Amino acid sequence: MKQTTNTPPPSRDSSRWYRFKRNRKAYISLWIFGVLFVMSLFAECMANDKPILAYFDGKLYVPALRTYSELAFGGEFDIDADYRDPFVKNLIQEKGWMIMPLVQFSYGTINYDLPSPAPSPPTRVNWFGTDDRGRDVFARVLYGFRISVMFGLMLTVLSSIAGVILGALQGYYGGAFDIIFQRFMEVWSGMPTLFMLIILSSVVEPNFWWLLGITLLFGWMSLVGVVRAEFLRARNFEYVLSARAMGMRHSRIMFVHILPNAMTSAMSYLPFILGGSITTLTSLDFLGFGLPTGSPSLGEMLAQGKANLQAPWIGIAAFAVLALTLSLLVFIGEGVRDAFDPRRRL
């Protein structure tokens, strides 16, 4: 007699992940983007003008994470130690050793020993060349990539939270609240976002958090329409009407019973929102209204490439990193969209 085994069907989450993995382009893009982002988190250990680890007179030092005075290594002045200075190098090597990063330049380090006037072409020391101030292009691109992705991730998370909450309130309650808020969104979305960002950035000297707050004012509407439509559709379902009849709180009905179903369609938008957030910061930096002067930025590198056409390596490096980042996010977004598409179930 043939025996049959009752195996439980795969869950919806596991089947979506399986569909995403079957999209090889999206799955490989996710791995590449994840590896690049994790590497950028340890940028101080890859490109820095300070040692990763130093041993001097029986003590271990971590200059990449902490600032030490020159007196700690037997120097003469109570100033921050310059580990590229031959005098400080000799002091440390007399009683110990130090491990320098692979690229011995930070994003703001100026190389005064260039073979030609800045901007200098790529060499063994400066892999991607230097910009018009003698700073290493590879280090600036590495740190700029990290700032861009961190800015994009934070803006995506905050704008998604605001958009989901406001869209849920609109779709669930409907009526006059929905109509008034829709008219407000129509007026707010009709404003020239980039010009408003430029005007606000010119009033106050922007920094990372100021730019994040300003951009959030205009970036929270991405998911409102999607979540609102799902709540409008689901608020008259039988299980929602039954929960209301039982006296369940509206907040529990919204965020426990309806929201998980609404997030199915909203999740596919997140990679594209992340790409748009990175593009927004790059555009502001390119126009000179972004991060403070001297900060590593892909947009500032593109502006330098435009101003120094005789040094194509500056613009090519920034463009290649930006194009690769946005392409990976688009491929990931397409994979997520297909994985959450109910027409593509196993």
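Count residues from 1 along the sequence. Any value given below was found using the heavy atoms of this structure, including those in side chains, with hydrogens, waters and symmetry copies removed. Worth saying up front: this structure is predicted, and the values here are computed from it rather than measured.
In the displayed structure, Tyr269 atom OH is contacted under 6.0 Å by at most 12 heavy atoms of other residues, nucleotides or ligands. No more than 12 heavy-atom neighbours from other residues, nucleotides or ligands sit within 6.0 angstrom of CZ on Arg249. Sparse packing is recorded around CE of Met150, with 12 or fewer heavy atoms of other residues, nucleotides or ligands lying under 6.0 Å away. Taking a 6.0 Å sphere around CH2 of Trp31, one finds it holds 12 or fewer heavy atoms contributed by other residues, nucleotides or ligands. For Phe319, the CZ atom is loosely surrounded, since the number of other residues' heavy atoms within 6.0 Å does not exceed 12. Atom CZ of Phe145 has more than 12 heavy atoms from other residues, nucleotides or ligands within 6.0 Å. Within 6.0 Å of the OH atom in Tyr112, the count of heavy atoms belonging to other residues, nucleotides or ligands does not exceed 12.
Under a hydrophobic-cluster definition in which Ile, Leu, Val, Met, Phe, Trp and Tyr are linked whenever side-chain heavy atoms come within less than 4.5 Å, directly or via other members, Leu36 and Leu41 are assigned to the same cluster. Linking ILVMFWY side-chain heavy atoms closer than 4.5 Å, directly or via other members, places Leu298 and Trp313 in a single hydrophobic cluster. A chain of hydrophobic side-chain contacts below 4.5 Å, direct or via other Ile, Leu, Val, Met, Phe, Trp or Tyr residues, connects Val336 to Leu223. At a threshold of 4.5 Å between side-chain heavy atoms, the hydrophobic network of Ile, Leu, Val, Met, Phe, Trp and Tyr places Trp209 and Leu211 in one connected group. A single hydrophobic cluster is not seen to contain both Phe33 and Tyr143; linkage of ILVMFWY side chains at heavy-atom distances under 4.5 Å, directly or through other members, places them apart.
Residues Gly335 and Asn23 share a closest heavy-atom pair of CA-ND2, 3.7 Å. Taking each heavy atom of Pro63 and Ile52 in turn, the nearest pair found is CD-O, 4.2 Å. Pairing each heavy atom of Tyr107 with each of Arg140, the nearest pair is O-NH1, 2.8 Å. Taking both residues in full, the closest heavy atoms of Gly219 and Ser159 are given as O-CB, 3.2 Å, listed atom of the first, atom of the second, then distance. Of all the heavy atoms in Ser116 and Pro121, the pair that sits closest is OG-CD, 3.5 Å. Closest of all the heavy-atom pairs between Val227 and Ala168 is CG1-N, 3.6 Å.
Judged by distance alone, the side chain of Tyr68 and the main-chain N or O of Val62 form a donor-acceptor pair under 3.5 Å. Checked by atom type and distance alone, the side chain of Gln304 never pairs as donor or acceptor with a backbone atom of Ile314 at under 3.5 Å. For Asn308 (side chain) and Ala311 (main-chain N/O), no donor-acceptor pair under 3.5 Å exists by modelled atom type. Side-chain atoms of Ser242 come within 3.5 Å of backbone N or O of Glu238 as a donor-acceptor pair. Under a 3.5 Å cut-off, the side chain of Ser40 and the backbone N or O of Phe37 do form a donor-acceptor pair.
Between Arg228 and Asp178, at least one side-chain N (NZ, or NE/NH1/NH2) sits under 4.0 Å from a carboxylate O, which counts as a salt bridge. Under the 4.0 Å criterion applied to side-chain N and carboxylate O atoms, Arg135 and Glu300 are assigned as salt-bridge partners. A salt bridge is absent between Glu44 and Lys50; no separation between the charged side-chain nitrogens and carboxylate oxygens falls under 4.0 Å.
Ring geometry, Phe138 versus Phe128: the interplanar angle exceeds 60°, so the pair is classed perpendicular (tilted spans 30 to 60°). The aromatic rings of Trp220 and Phe184 sit parallel to each other, their planes meeting at less than 30°, with 60° as the upper class boundary. Note on ring orientation: taking the six-membered ring where Trp is involved, the planes of Phe56 and Phe73 are perpendicular (angle over 60°, cut-offs 30° and 60°).
With no hydrogens or angles considered, no side-chain donor-acceptor pair links Asp136 and Asn111 at under 3.5 Å. For the 3.5 Å distance criterion, the side chains of Thr67 and Asp80 fail to qualify, holding no donor opposite an acceptor. Using modelled atom types, one finds no donor on one side chain facing an acceptor on the other under 3.5 Å when comparing His257 with Tyr239. In this structure, a donor-acceptor pair under 3.5 Å is absent between the side chains of Glu186 and Gln182.
Ser120 pairs in a side chain to side chain contact (heavy atoms under 4.5 Å, CB included) with only one of the listed residues (Asp132, Val125, Leu114, Asn126), which is Leu114. Partner Met301 forms a side chain to side chain contact (heavy atoms under 4.5 Å, CB included) with one of Asp285, Val137, Leu322, Ile316 and no other, that one being Val137.
Taking OG1 of Thr280 as the start and CG of Leu155 as the end, the distance is 7.0 Å to the nearest 0.5 Å. Distance check: Arg24 CZ to Ser29 OG gives 11.0 Å after rounding to the nearest 0.5 Å. A distance of 9.5 Å separates CD1 in Ile165 from CG in Leu259, rounded to the nearest 0.5 Å. Note that OG1 of Thr215 and CG of Leu284 are 6.0 Å apart. Values are rounded to the nearest 0.5 Å. To the nearest 0.5 angstrom, Leu71 atom CG is 4.5 Å from Asp78 atom CG. In this structure, CG on Asn48 lies 7.0 Å from OG1 on Thr109, to the nearest 0.5 angstrom.
Inter-residue side-chain proximity for Pro51 and Tyr83 is flagged as met; some heavy-atom pair is nearer than 4.5 Å. The shortest distance between side-chain heavy atoms of Arg244 and Val240 falls below 4.5 Å. Counting heavy atoms from C-beta outward, Met254 and Tyr173 have side chains that approach closer than 4.5 Å. Contact annotation: the side chain of Leu53 approaches that of Trp97 to within less than 4.5 Å [non-hydrogen atoms, C-beta and beyond]. In this structure the side chain of Glu230 never reaches within 4.5 angstrom of the side chain of Ile258, judged on heavy atoms. By the 4.5 Å heavy-atom criterion applied to side chains, Leu270 and Ser160 are counted as neighbours. Within the 4.5 Å cutoff, side-chain heavy atoms of Trp17 are placed close to those of Tyr27. Gln310 is listed as a side-chain neighbour of Pro119, based on a closest heavy-atom distance under 4.5 Å.
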> Between Ile179 and Arg183, does a side-chain contact (heavy atoms from CB on, under 4.5 Å) hold up when you go through it step by step?
Replying inline: CA-CA 6 Å; Ile179 295 174; Arg183 301 293 83 78; 3.7 Å; yes
>> Is there a side-chain contact (heavy atoms from CB on, under 4.5 Å) between Asp338 and Arg22? Walk through the geometry before answering.
In response: CA-CA 10 Å; Asp338 295 342; Arg22 287 186 62 185; over 6 Å; no
>> Between Ser106 and Asp49, does the side-chain hydrogen bond (donor to acceptor under 3.5 Å, both in side chains) criterion hold? Intermediate values first, please.
In response: CA-CA 5 Å; Ser106 184; Asp49 55 358; 4.9 Å; no
>> side-chain contact (heavy atoms from CB on, under 4.5 Å), that's the test. Do Gln170 and Phe177 meet it? Break it down for me.
In response: CA-CA 7 Å; Gln170 276 189 264; Phe177 176 78; 4.1 Å; yes
> Are Met267 and Arg337 close enough, and set up right, to give a side-chain contact (heavy atoms from CB on, under 4.5 Å), and what steps lead you there?
Replying inline: CA-CA 8 Å; Met267 286 292 294; Arg337 180 193 61 195; over 6 Å; no
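The distance between the ring centers of Tyr61 and Tyr55 does not fall below 6.0 angstrom.
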